[in-house]
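Lettering of chains follows the sequences in order, A, B, ..., and the numbering in each one begins at 1.
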Amino acid sequence: MSLEETNPQGNNKPTDFIREAVAEDLKSGRFNYVRTRLPPEPNGYLHIGHVKAFMIDYLVAKENGGELVLRFDDTNPSKEETEFVEAIEEDARWLGIEWVKVTYASDYFGLLYDWAVQLVKKGLAYVDDQTPEEVSANRGTLTEPGKNSPFRNRSVEENLDLLERMKNGEFPDGSRILRAKIDMAHPNINMRDPAMYRIIHNPPHHRTGDAWKIYPMYDWSHGQNDSMEGITHSLCSLEYENHRPLYEWFLDQLGVFKPRQIEFARLNMNYTVMSKRKLRRLVEENIVNGWDDPRMPTLRAMRRRGYTAEAVLEFIRRVGVAKNYSVSAVSLLEACVREDLNKAALRRMAVIRPLKVVIDNYPDELVEEMDAVNNPEDPSAGSRKVPFSKVIYIEQDDFRETPPPKYYRLFPGNEVRLRYAYFVKCTHVVKNDAGEVVEVHATYDPTTRGGDSADGRKVKSTIHWVSAAHAKEVEIRMYDRLFTKEDPEEGDEGFLNCLNPKSLEILTGYVEPLLATPEVGSRFQFERLGYFCVDKDATPKKPVFNLTVNLKDAWAKMEKKGK
RNA sequence: UGGGGCAUGGUGCAAUGGCAGCACACCAGCCUUUGGAGCUGUGGAUCUUGGUUCGAAUCCAGGUGCCCCAGCCA
C-alpha cells in the first residue's frame, strides 16, 4: 500500500472508528461531502461531557472539508429556555467551535408535520386513544411481546382527521398520540409502535409560542431533521444504538435522504457527577454557589476557575474516541491544565497561609527592590522588581519548629534561600499562650543578595515570601474535588453523602504589590503553590483569586506517604 | 428468560493476521534560585476456554463480566 493511500493528507492524524467510517463513506461514494450537526437540547448548561461530543462533530466535519450545523433540539417546550440557547452558543464559541449556521428542530415543525401526514396516508402511522398507562401496559416487557392497540387499525381518513384536530388543540394533553405502525412484538422495544407526536398545550414553546399543540418526539424529529439538513453523519452516544433501526425505518418509509448514524461512548469523569438532575440539585440545595461555581464540571465553571480552552481540548484529544464504557481521570484534565499554564502564566509570589518572619539584623527602614524572573519557561516574559524589607511573610508550611526527616525548609538553626533575595537562618521563635509559633526570627547574610552565596555554600531549599509592609491582602479560594469518592453515584448512600467538606476553603493571604489590582480573569502561577486566576468577585479593595490547579507537590506526597 | 453493544497495564487510548505501544498516574535517579518545570530509567496489560493459522489482542465457536433499552424525555 502506498503512502498516499494510507495517508491522503500526508500527515499522521489521530484516527478512530468514526473517522475511519467517514473516510470509507467518502471513498465508496456513499456521500461526496461531509456535514455533521451539533444537537444540544437547550435545557441546561454545557459540561465537560458535552465537549467530547461537540469536538467529534466539529472535527470530523472540519478534517473532511465539511460543515457543522448547530441545531438546537427543542422538541419539548416543557424543558427548554432561550437562556440556555445563548449560554450554549457562548460556551461552544469559547471552545473555538465554528458552525455554518444555527438551526432549531422547531424550524422544521411544519415540514415534519407534512411528513407525518404522508406516513398516515401510507397506513404507517395512527392516532392512539389509549391512556399513557394503557400504552405502557401494552408495550410488553423485555421478554414478552406487546399487544396491539385497539385503535391500531383506524382508517386513514379517521387518522388524518384526528391528527389534524390534535394539531388544532382540540384534545387535552395525554389524551392521544400519533404512533408509527411497526411491530408490537419487535424484540427492540423502540420499534413497538413508537410515539411520534404528543399533545402539549403548556408551557408555550420558547420559539414557536402557542402555534403548536403537538410536539414531535426525539425519534420522529431527529433523523428527519438530519435528512432535511443534508447531514451525512449523525454522531451520537451509545445509548442511541437501540434507536438506529427506528432512525433508519422512518427515513426508508419516507424515501428521503438517509444520513448515517454512528455511536460512540460518552465521556465520564471520576470525582464528579454529570447528570443534569444531579447538577441541578447541587445548585438548588446551595451545595455549590451556582452553575459557574468553580467546583462544577460545567464549562462556565471551568472557565471561571481559570482552565483554558486549549487545556480542555487537549484533555478531550487525549481521552480519544471509542465504544468502551470508560471513566476518564480528572487528574488527566488537571495535567493538561498545568501543562498549558506552565508555558504562559506569569510567576508571582503570594503567601496564602502567612507566618511572620522578622529578620533581626536587617536595617529597620531599608527597602530593597529585588529582581525576579516573570517566567523561567519564557525568557521574553522579562523580569520585575519585588520589594524586600525587615518583616516578611512566609508560608506556614515552610517552617517547622521540629522538622521531620528530609524536611529542607526553615527550622531553628537551618539556613534557606528567600527566592530572589537572601539566605536567612532561623534563630528563634516567639509563641503565644497556646504554645503556637506566631513569629519566627532570623538573620540574613548580606553577601547573598539575589540568592547566590559568595563563598559557594549551598542551601537545600528556596522558599517564597512577601514583604509585610508592601503586601496586598487578598482573598484566596482554594478548591478541591467536590466528592470524596471516585464514583459518587456508586453505592446506595447517594452522591450527596460523599461530599468533600473541604472542597472550598477561603483564605486570607498576601500577594506582592504588582498583584494589588489584577484584571478579572488573568492567570498567574503563585510560585510553589499553583495556578490562580482572578475571580469576577474581585474588587479594587479586595482582589479574589481562585485556585485553578495546584502545582505538583513532591514534599506533600512524601510526607503523606511517611504517615 | 428478549434485543443491542463493549472487554488490552491503575486510568484512557493504539496496534486493522507479523517485535503489544503512547499519554496520565506510579516508582527510582539526574538537574534545579519553584521539593515546580525539564531529563533519564524501571515495573506492570490482551476477560476465559477451545479452534483456525507457520504465526492471533486481531479471525471462528462456547463461556464469563459490564453497559444500554419497557418516557406521551433527549
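- Among the heavy atoms of the strands, none lies under 4.0 Å from A:S78.
- Counting any heavy atom pair closer than 4.0 Å across all strands shown, A:V459 reaches no nucleic acid atom.
- To the nearest angstrom, C1' of B:C39 lies 13 Å from CD of A:E377.
- In a base pair of the Watson-Crick type (N1 to N3 plus N6-O4 or O6-N4) or a G-U wobble (N1-O2 and O6-N3), with each distance short of 3.5 Å, B:C73 is matched with no nucleotide.
- In this entry the distance linking NE2 of A:H47 with C1' of B:A74 reads 12 Å, nearest Å.
- B:G50 takes the anti form, because its glycosidic angle lies more than 90° either side of 0.
- At whole-Å resolution of the value, CG in A:L267 and P in B:U11 are 16 Å apart.
- Under the Watson-Crick or G-U wobble criterion, with both distances below 3.5 Å, B:A23 is paired with B:U11.
- Base engagement by A:R347 is indicated by at least one non-hydrogen atom pair under 4.0 Å involving a base atom.
- Using a 4.0 Å heavy-atom cutoff across all strands shown, A:S237 reaches no nucleic acid atom at all.
- Nucleic acid contact class of A:R417 (heavy atoms, under 4.0 Å, all strands): base.
- Distance NE2 (A:H243) to C1' (B:A70): 11 Å, rounded to an integer number of Å.
- One can find a donor-acceptor pair under 3.5 Å joining the base of B:A74 and the side-chain atoms of A:Y240.
- Rounded to whole Å, the P atom of B:U58 lies 15 Å from the corresponding atom of B:U52.
- Here B:A74 is the nucleotide among B:A74, B:A14, B:U34 with the atom lying nearest to any side-chain atom of A:N76.
- Under a cutoff of 6.0 Å and an axis angle of 45°, A:R481 and A:Y271 form a cation-pi pair.
- For A:L142, counting side-chain heavy atoms from C-beta on, the closest listed nucleotide (B:G4, B:C69, B:A23) is B:C69.
- Distance from the side chain of A:D16 is smallest for B:A14 among the nucleotides B:C69, B:A14, B:A74.
- The residue A:Y408 sits close to a base: some heavy atom pair falls under 4.0 Å.
- Atom CD1 in A:I189 sits about 6 Å away from atom C1' in B:C69, given to the nearest Å.
- Dashed line: the shortest gap from a side-chain N or O of A:R192 to OP1 or OP2 of B:G71 is not under 4.0 Å.
- Nucleic acid contact for A:D73: sugar-phosphate only, since backbone atoms but no base atoms lie under 4.0 Å from a heavy atom of the residue.
- The residue A:T75 sits close only to the backbone: its heavy atoms come under 4.0 Å of sugar-phosphate atoms, none of a base.
- For B:G4, its base never sits under 3.5 Å from the side chain of A:R244 at any donor and acceptor pair.
- When heavy atoms are screened at a 4.0 angstrom cut-off, A:S326 is found touching the sugar-phosphate backbone but no base atom.
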